[in-house]
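Heavy-atom basis, side chains included; hydrogens, waters and symmetry copies ignored.
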Amino acid sequence: PHLQAGRSGPRREFVPLFGTNFHTKTPAAVRWRNFKLVMPTIGFKNTRPVANKSQYELYNLDEDLAETKNIAPANPSLVNHLHGIFLTHLLECAALIRKEVTSNGR
């Protein structure tokens with residue numbers, strides 16, 4: 001219902017992890033407003049992004065829906081901001097998992 005009639009949802013960011021093939025380096029991505037940051041991951045059961053941010057790709061989806069123009073090199077502060085959103089999401093997920101495990105007595 002939040003996507004109808006131009007209304008926005010309760011959160012402004014969307015943090016997907018793409019793919020489930022643990023034998024390849026599956027990219028992680030975060031979308032915030034009209035921007036999308038794609039981060040290569042370490043791979044093989046590890047969804048942690050690589051540390052070298054020069055490998056990250058940033059796209060302005062309002063201007064480049066096909067994701068052909070990487071604007072990350074020209075926008076390092078935006079890359080850092082979206083990377084922070086992604087890391088916060090991972091920490092929130094870890095906290096929820098710990099809470100669930102603890103409440104179930106495991």
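- By the 4.5 Å heavy-atom criterion applied to side chains, Lys53 and Asn80 are counted as neighbours.
- Applying the salt bridge (Lys or Arg N to Asp or Glu O under 4.0 Å) rule to pairs touching residues 71-91 yields nothing, sequence neighbours excluded.
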Stepwise side-chain contact (heavy atoms from CB on, under 4.5 Å) check, Leu61 with Glu67 | CA-CA 7 Å; Leu61 299 179; Glu67 300 178 13; 3.8 Å; yes
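- When the side chain to side chain contact (heavy atoms under 4.5 Å, CB included) test is applied to Asn70, the partners found at least two apart in sequence or on another chain are Glu57, Leu58, Tyr59, Ala72, Pro73.
- Screening Asn75, Val79, Ile71, Asp62 against Phe35 for a side-chain contact (heavy atoms from CB on, under 4.5 Å) leaves a single residue, Ile71.
- Separation of atoms CH2 (Trp32) and CG (Leu37) is listed at 12.0 Å; rounding is to 0.5 Å.
- At least one donor-acceptor pair closer than 3.5 Å links the side chain of Asp64 to the backbone N or O of Lys69.
- Across every non-hydrogen atom of Gln55 and Pro40, the tightest pair is O-CD, 3.6 Å.
- Using a 30° and 60° split on the angle between ring planes, His89 and Phe86 fall in the tilted class, from 30° to 60°.
- Using bins of under 30°, 30° to 60° and over 60° for the plane-to-plane angle, the ring pair Tyr56/His83 lands in the tilted bin.
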